[in-house]
Protein chains: 2
Amino acid sequence: MALERIQRRSLPGEVYDQLLRELVDGGYPAGQPLPSERRLAEALGVSRPAVREALQRMSHAGLVDVRQGGATTVTDFRRSGGLDLLPHLLLPGGGIDLAVARSILEARLAIGPKVAELAATRGGPTAADVLDRAVAELAADTDPVGRQRRALVFWEHVVEAADSIAFRLMFNSLRAAYEPALPALATVMAAEVDRIGDYRALTAAVVAARPDDAHRLAHDLLGNATRELLHAIDTLDGDRP
Amino acid sequence: MALERIQRRSLPGEVYDQLLRELVDGGYPAGQPLPSERRLAEALGVSRPAVREALQRMSHAGLVDVRQGGATTVTDFRRSGGLDLLPHLLLPGGGIDLAVARSILEARLAIGPKVAELAATRGGPTAADVLDRAVAELAADTDPVGRQRRALVFWEHVVEAADSIAFRLMFNSLRAAYEPALPALATVMAAEVDRIGDYRALTAAVVAARPDDAHRLAHDLLGNATRELLHAIDTLDGDRP
DNA sequence: TGCCATAACTGGTCTGACCACTTGACCACC
DNA sequence: GGTGGTCAAGTGGTCAGACCAGTTATGGCA
């Protein structure tokens with residue numbers, strides 16, 4: 001029996017989760033006013049500061065527009081939300097949103113090769129040790145979820161070597177979205193994380209400062225599972241071209 | 001004399017800005033504890049809930065680690081922050097951080113062509129009207145800052161046609177970072193936003209459902225100013241290869 | 001030396017009060 | 001008819017004080 005870490009819950013966090021789910025589910029379309037803080041506090045059985053904290057968090061996430069003296073209105077998060085919203089969209093109610101999953105896969109296939117190329121151009125040679133160690137640990141970990149985590153650690157080192165804060169933060173946001181879904185994706189992602197030789201070849205290209213090779217190898221590595229996953233998503237989704 | 005909108009300031013917002021600046025400037029290295037909420041409230045001359053609101057916001061942004069009963073500690077935002085932090089890094093104290101600017105330019109050059117390609121594959125044909133109108137308005141706006149804004153509107157339509165929530169939110173985050181710097185970038189970005197013909201050609205490729213052309217045209221369009229800007233940044237920065 | 005109790009400190013939440021701002025209604029004046 | 005002024009009701013913004021929940025360090029005792 002595996003012991004799991006206890007997830008701490010905070011009241012404002014629970015308010016945020018509940019309101020966010022309501023918004024994403026279309027319960028409050030863009031432009032619609034939310035009930036006042038006082039009303040929400042009463043309806044949810046918490047204090048007004050707890051509601052306020054959740055609403056401020058939603059405001060900073062681009063989900064609502066808060067104006068003193070007036071009602072808090074819902075925004076179109078597709079226009080005003082940032083990438084850090086992605087985790088809340090991938091697993092909205094527990095199951096995976098296929099359109100969100102597809103978009104994440106496409107995004108990482110666009111970004112990964114560029115990041116590998118930059119790593120080969122910039123910090124690759126000095127990252128030889130950590131990259132080799134990361135691949136060795138990836139190879140040694142036979143648990144499907146654990147190996148995915150190792151792959152993420154590998155990519156973290158690559159994006160660190162890329163020396164680009166934008167890609168670094170982007171990676172963090174995508175990882176945050178992806179990480180809770182690791183168990184669900186384990187069997188399909190094996191097509192990627194089990195190709196230890198590809199990780200070694202990519203490492204060699206990065207360390208040897210060959211950006212074109214790094215770009216190509218990363219694209220091949222990420223492209224494999226991406227195609228299979230996209231195919232699976234198309235099959236499930238049914239109405240994609 | 002041009003009237004400008006009044007920027008509303010909130011106390012927790014000002015606390016957040018001040019603490020964030022302190023963190024980004026290295027005043028509190030990762031792992032360091034921050035003073036307690038009570039101490040910060042006293043030092044800043046505000047109430048504890050105001051401090052608390054700022055700290056919770058920082059916690060959700062990945063800047064600090066808050067644990068009940070213990071001190072709030074500073075995290076390494078490069079590892080725990082998300083893309084939505086980018087606006088705070090590009091203009092930390094008013095001037096532009098060149099490394100951040102460089103990384104944003106690189107990122108948009110990696111993402112833009114892919115987004116254009118997806119738009120040509122998916123929603124391009126049905127977006128003909130809005131794209132044509134966006135280019136017409138871009139051409140008609142002769143103000144350097146205004147034209148950049150029009151270019152952003154154009155790209156917003158392209159990314160909407162791409163039908164990818166990940167790229168959509170990514171665009172939002174990058175735009176949020178980029179927008180306050182528009183005046184400072186106006187003269188250099190003219191090399192891009194003045195190429196009306198290129199925007200028209202890109203629109204035509206997207207609308208005609210030619211993804212390879214769209215990809216190439218977007219890369220050329222974005223690549224031009226990117227190279228010039230990166231060259232300018234290298235000149236200013238001095239120690240880049 | 002290890003364990004337990006306690007105190008001090010931290011963050012988490014709440015209540016009630018008051019302030020600042022917005023909106024709509026109504027009135028007076030030009 | 002349009003503009004400006006006042007007022008009331010409602011909203012969000014902030015604060016003080018109290019109390020709860022959790023963490024950490026210290027001292028005493030077996």
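Just so it is clear, the values below take in all heavy atoms, side chains as well, and ignore hydrogens, waters and symmetry mates. Every chain is numbered from 1 and lettered A, B, ... according to where its sequence line falls, protein lines coming before strand lines.
Residue B:Glu53 is classed as having no contact, given no heavy-atom separation below 4.0 Å to the nucleic acid. Among the protein residues, A:Arg9 comes within range of no part of the nucleic acid, since none of its heavy atoms lies under 4.0 Å from any strand.
Checked against the 6.0 Å centroid threshold, A:Tyr16 and A:His88 count as a close aromatic pair.
Here A:Leu83 contributes atom CG and B:Arg168 contributes atom CZ; the two are 12.5 Å apart, rounded to the nearest 0.5 Å.
DNA chain D is contacted by A:Val66, A:Arg67, A:Gln68, A:Gly69, A:Gly70, A:Thr72 of residues 64-74 of chain A, taking any non-hydrogen atom closer than 4.0 Å.
Salt-bridge check for B:Asp163 with B:Arg122: failed, with every basic side-chain N at 4.0 Å or more from each acidic carboxylate O. Using a 4.0 Å cut-off between charged side-chain N and carboxylate O, B:Asp17 and B:Arg9 make a salt bridge. A:Glu156 and B:Arg79 are joined by a salt bridge, as a carboxylate oxygen and a charged side-chain nitrogen come within less than 4.0 angstrom of each other. With salt bridges taken as basic N to acidic carboxylate O contacts below 4.0 Å, one links B:Glu106 and B:Arg102. Salt-bridge annotation for B:Arg108 and B:Glu192: present, with a side-chain N of the basic residue lying under 4.0 Å from a carboxylate O of the acidic one.
Of the residues near DNA chain C, B:Gln56 and B:Arg8, the one whose nearest nucleotide (by heavy atom distance) lies more toward the 5' end is B:Gln56. Toward the 5′ end of DNA chain C lies the nearest nucleotide of B:Pro35, the other residue of the pair A:Gly45 and B:Pro35 mapping further downstream.
No more than 12 heavy atoms of other residues, nucleotides or ligands shown are found within 6.0 angstrom of CD on A:Glu42.
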- Message: Go through it in stages, so that I can follow the logic: the residues are A:Tyr178 and A:Met189, the test is side-chain contact (heavy atoms from CB on, under 4.5 Å), and I'd like the CA-CA distance, side-chain angles, deciding distance and then a yes or no.
- Response: CA-CA 12 Å; A:Tyr178 185 65; A:Met189 290 303 290; 3.0 Å; yes
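Protein chain B touches strand DNA chain D; the 5'-most and 3'-most nucleotides with an atom under 4.0 angstrom of its non-hydrogen atoms are D:dT14 to D:dT24. Mapping heavy-atom proximity under 4.0 Å, the span of DNA chain C touched by chain A runs 5' to 3' from C:dT13 to C:dT23.
Side-chain contact check for B:Val64 versus B:Tyr28: every heavy-atom pair is 4.5 Å or farther apart.
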